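Written out below as structure tokens is the structure these notes cover.
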There are 2 protein chains.
Amino acid sequence: MAATEAFGRLGFEAASTRAIAEAAGANLAAIPYHFGGKEGLYLAVADAIAAGMLERMGPVLGAIEAGFNAAQDRATTLAMVQTLVEGLAFTMMRPETAAWARFILREQAEPTEAFTRLYEGPMKRMLTALCGLLGRFAGRDPAKSEIKLTAMTLLGQVIAFRAAHAAVLATMGWTEIGPGEMQEVRAVLQANVAAIAQALERKAP
Amino acid sequence: MAATEAFGRLGFEAASTRAIAEAAGANLAAIPYHFGGKEGLYLAVADAIAAGMLERMGPVLGAIEAGFNAAQDRATTLAMVQTLVEGLAFTMMRPETAAWARFILREQAEPTEAFTRLYEGPMKRMLTALCGLLGRFAGRDPAKSEIKLTAMTLLGQVIAFRAAHAAVLATMGWTEIGPGEMQEVRAVLQANVAAIAQALERKAP
DNA sequence: GTCTATAGTCGGATAGAC
DNA sequence: GTCTATCCGACTATAGAC
């Protein structure tokens, strides 16, 4: 956890193993001993984040994947999309996951081996599920660019609240995105998802 | 430019003035001499980015601000929203501004004095213009939370393509977001903006 | 203004005692 | 496994020649 915080806040190079060891109440030499070095610790953080995300999003994703083959009507499909977006929002906006978000955003800008572990784990699964749902909605191949890009924009709306965190706080006059603020965000996200889904549906063959 | 690239890629602490000076073909000692030190150089980068964004977004923002008081119909207002979102997308997705995006995203996650300069300059002006347009669209006070949050999600969709850059490339099978890819992104952004605006309009008093 | 040389600090890794 | 002591490299800033 100390390493997640430090790497997320400062990046790989600027974070110091000395500070991480001290924050964790551990000895500096324990890092090379247990993780094989600073880089090993960094990858261990990526794996821990991937596991944590899968743990939190697992139930929602499992339900979608399980219910997918049973032919669903559009209302049910839309509800699944809403659940997925909302699940991501609630997972990524919790105070405990702020450090995850910083770490992931860094890896997005400058991907390393750690990004592969994050992408091939939780991210790909979420994107695949969302594309499947949107494809059914639009009556089109989920692998089509338009569907995939729409999926990115839906998840992107959520990500933006972390990526543009300081701008959100400044604009809204908030000091944090707590439970109360989260309710307002959720209402707007739901409205947007519904609007975009409806537009997709209108274009369906 | 060398400093923008280095600070954007590595962050303030990890970027070295040695590497920046070498990349710029300048002498190491020139940095303390001309900018007062590493921190002064960092703030100079922030100011340069703010000025560059204002330069690129200025015409679009000026037109919106000038035309705002002349009572506009909804079609014109929607067109202005589309122009603003598209302008931001084209500004922020150009290869030349990739370094800006990395710098800004870092400041969003961990704001310093540099963020204030970015926010009070171009960001606030864009957000104010967009809230004004959306407020008129929805027939509501532009200062209402719902309007401001909707504005954040609209700009957030654009930001997401930079913030989740690696995930976008991996999902789309792209190697970069060039002009061709940009056209596809633009079409989806336009559709989303139209859908969200229409939903706002339906809720208008 | 521009450069070299250097001072002073802090980084990660490791040797070796326990 | 855990700790202290230490090595060696890289960093920013500055003194001082030109």
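The sequence lines fix the lettering, A, B, ..., with proteins before strands; numbering per chain opens at 1. Just so you know, these numbers come straight off a predicted model, no measurement behind them.
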I'd like a list of close polar pairs between nucleotides 1-3 of chain D and the protein, N/O only, cut-off under 3.5 Å.
| residue | atom | partner | partner atom | Å |
| --- | --- | --- | --- | --- |
| D/dT2 | OP2 | A/His34 | NE2 | 2.6 |

Can you tell me how far [atom2] of [N] sits from [atom1] of [X], to the nearest Å?
X       : N      : atom1 : atom2 : answer
A/Arg18 : D/dA5  : CZ    : C1'   : 11 Å
A/Glu22 : C/dC10 : CD    : C1'   : 14 Å
A/Glu39 : C/dG11 : CD    : P     : 19 Å
B/Leu10 : D/dA10 : CG    : C1'   : 14 Å

(message) Please tell me whether A/Gln157 and B/Gln157 have a donor and an acceptor in their side chains that are separated by less than 3.5 angstrom.
(response) no
(request) Just jot down the salt bridge (charged side-chain N to carboxylate O under 4.0 Å, His left out) partners of B/Asp141, sequence neighbours excluded, or say none. (result) none
(message) Run the salt bridge (charged side-chain N to carboxylate O under 4.0 Å, His left out) test against B/Glu181 and tell me which residues pass, sequence neighbours left out.
(response) none
(message) Under 4.0 Å, heavy atoms only, any strand: does A/Ala19 hit a base, just the sugar-phosphate, or nothing?
(response) nothing
(request) Report which part of the nucleic acid A/Ala14 touches: base, sugar-phosphate, or nothing (heavy-atom distance under 4.0 Å, all strands). (result) nothing
(request) If a pair satisfies ring-ring contact (aromatic ring centres under 6.0 Å, His included) and one of its residues is in residues 12-57 of chain B, list it, with sequence neighbours excluded. (result) B/Phe7-B/Phe12, B/Phe7-B/Tyr42, B/Phe12-B/Tyr42, B/Tyr42-B/Phe103
(message) Once ring-ring contact (aromatic ring centres under 6.0 Å, His included) is applied, what residue pairs with a partner in residues 120-176 of chain A remain, sequence neighbours excluded?
(response) none
(request) Could I get the full list of side-chain hydrogen bond (donor to acceptor under 3.5 Å, both in side chains) partners for A/Arg18, not counting sequence neighbours? (result) none
